[in-house]
Amino acid sequence: MLRYYLLIGGMGFLGAVIRFALENVVGQSGFPVGTLAINVTACFVLVIVYSYVGRRLHVSLPLVRGMGVGFLGAFSTLSAFSNETLGLWQSGGYLTAALYVAATSIGCFLAALAGVYCSRGFAQLRLRRLRAKRAQARREGEGGAK
């Protein structure tokens with residue numbers, strides 16, 4: 001059990017450090033583009049981690065949870081989004097705050113939806129490759145039997 005907590009903590013550490021680095025690279029102007037991009041990306045990747053990596057690739061649950069709860073949980077944050085929205089609102093940027101809320105809500109939903117479709121596409125591609133590999137093995141087996 002301790003290994004499980006260490007895995008989530010280690011992955012969380014990586015997610016937090018990468019988030020901090022990206023925010024420093026992007027910087028913050030009047031509109032919190034960095035946090036928006038990070039949260040939208042995290043929503044997209046989280047769906048792929050749980051629906052494709054965990055289910056289709058059969059990666060162990062602790063590792064999937066480490067990626068989801070640990071890495072992506074620390075990478076994205078609702079608290080930064082809320083704090084930035086409140087800051088925009090309190091400084092009189094009502095329209096900017098409303099646009100930020102809308103962009104985050106719609107962007108995160110669409111990113112998660114795109115993650116669903118990408119996961120399905122990855123699964124179909126993997127299935128085609130497996131079928132082709134099986135067909136090749138059958139052809140080779142039939143050729144050797146003659």
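Residues F13 and F71 keep their aromatic ring centres 6.0 Å or farther apart.
Interatomic distance, CD of Q90 versus OG1 of T85, reported as 11.0 Å (0.5 Å rounding). Separating the CZ atom in R56 from the CZ atom in R126 is a distance of 9.0 Å, to the nearest 0.5 Å. Here C108 contributes atom SG and L46 contributes atom CG; the two are 10.5 Å apart, rounded to the nearest 0.5 Å. Atom-to-atom distance recorded for S105:OG and F81:CZ is 5.5 Å, nearest 0.5 angstrom. The CE atom of M67 lies 11.5 Å from the CD1 atom of I48; values are rounded to the nearest 0.5 Å. Atom-to-atom distance recorded for I38:CD1 and S76:OG is 9.0 Å, nearest 0.5 angstrom.
Of all the heavy atoms in T96 and F31, the pair that sits closest is CG2-CD1, 3.6 Å. The minimum heavy-atom distance linking A42 with F75 is given by the pair CB-CD2, 3.9 Å.
In this structure, S91 contributes its side chain and L88 its backbone to a donor-acceptor pair below 3.5 Å. Of the possible donor and acceptor atoms, none in the side chain of N39 sits under 3.5 Å from a partner among the backbone N and O of L78.
Atom CZ of F20 sits in a sparse spot, with 12 or fewer heavy atoms from other residues, nucleotides or ligands closer than 6.0 Å. Around CZ of R19, the count of heavy atoms belonging to other residues, nucleotides or ligands within 6.0 Å exceeds 12.
Linking Ile, Leu, Val, Met, Phe, Trp and Tyr whenever their side-chain heavy atoms come within less than 4.5 Å puts V69 and Y52 in one cluster.
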